[in-house]
Number of protein chains: 4
Amino acid sequence: MQATAEFQLIPLGAGVSVRREVERVVALLRSRPLLTETHASGTNIEGEMHEILNAVEAVHKALHAEGAVRLVSYLKLETRTDKTPTLAGKRL
Amino acid sequence: MQATAEFQLIPLGAGVSVRREVERVVALLRSRPLLTETHASGTNIEGEMHEILNAVEAVHKALHAEGAVRLVSYLKLETRTDKTPTLAGKRL
Amino acid sequence: MQATAEFQLIPLGAGVSVRREVERVVALLRSRPLLTETHASGTNIEGEMHEILNAVEAVHKALHAEGAVRLVSYLKLETRTDKTPTLAGKRL
Amino acid sequence: MQATAEFQLIPLGAGVSVRREVERVVALLRSRPLLTETHASGTNIEGEMHEILNAVEAVHKALHAEGAVRLVSYLKLETRTDKTPTLAGKRL
């Protein structure tokens, strides 16, 4: 089923600036069959729930493979059955 | 000290659509001495930490005064001492 | 890879009390090959990252199948490569 | 008005282990007129909303004064008007 989501990842022990990791996360999300919109606090996502969850797993695995020692991520996931959830429909 | 933040509020028992409450939250945030940017999953905020926390309290009180029975809010708050945190500085 | 997590689900439009849905979420999580610990604000989880993400998907699908119209869930997911992450290791 | 909350703080650039900072946060929260319950993913809090928000501000200020360069915190805040919210009432 389709879902909308918001994702943010924080690497621990990676220094005060985490821009490199954030850019990597966004690149990984964009490489998946998902609609993504970055903003100052995270990335909003629209797509199949299963693809979103696959992307979360892929992001954790990729960043660890590239050297990250500890990762904390936050996923907010929204689903509904009365209409198809979209990022466009959630904007004011 | 200056901070950046992300705020989202969910009213429980308010029906499947919560657009009216979300619009009210954004209007309340914009009435405060804060920089705000709405997106599909919440509102990003820049301003004095104390003003941000005051705004959170004001939002809960206002929505209850207007009839909301139960509210859950999520505040992500970022502060740093190496430079002044801004929403602009957090965008990719 | 093993992960620790925290999960919370909020049904929108389900009334002021959401205890029935929360109990259903916890029962569903406990039916999976995961270690779970409930607390006043959610459920902490330890297990394979893939199993945790599968459980999140199963919870959304089950609650919709049982009538929930709109669901918002929050998943915090932690992974690390320097040692096996456990809930026991995160307690003070 | 009384509220329940969950609080978690992550120091960026503080190393892979953040136990020292987490213990400091819990000690600071316990020094305030609040009921606190720690668990593997954060600290649950019960008390006056204003005191909870004051505590969040005090925690950020104290950790920066003690040397932390960058802090991200997550506060979930719940209020309701149909009954007094308590941590005990939220447990399963």
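Each chain gets a letter, A, B and so on, in the order its sequence line appears, and its residues count up from 1.
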query: D:Lys76, D:Glu6, D:Lys61, D:Met1: which one forms the most heavy-atom pairs within less than 4.5 Å of chain B?
result: D:Lys76
- prompt: Where on D:Ala5 is there a heavy atom nearer than 4.5 Å to chain B: the side chain, the backbone, both, or neither?
  reply: neither
task: Between chain D and each of B:His60, B:Gln8, B:Met49, count heavy-atom pairs under 4.5 Å; write down the option with the most.
output: B:His60
task: Starting from the C-alpha separation in whole Å, work towards a yes-or-no answer on side chain to side chain contact (heavy atoms under 4.5 Å, CB included) for D:Glu78 and B:Leu71.
output: CA-CA 6 Å; D:Glu78 288 199 52; B:Leu71 301 170; over 6 Å; no
- prompt: Is there a side-chain contact between D:Leu75 and B:Leu77 (heavy atoms, below 4.5 Å)?
  reply: no
query: Which one, B:Leu63, B:Thr81, B:Thr79, leads in non-hydrogen pairs under 4.5 Å with chain D?
result: B:Thr79
message: I'd like to know whether CZ of D:Arg19 has more than 12 heavy-atom contacts from other residues, nucleotides or ligands below 6.0 angstrom.
response: yes
- request: Hey, could you give me the CD1/CG distance between D:Ile52 and B:Leu53, rounded to the nearest 0.5 Å?
  value: 11.5 Å
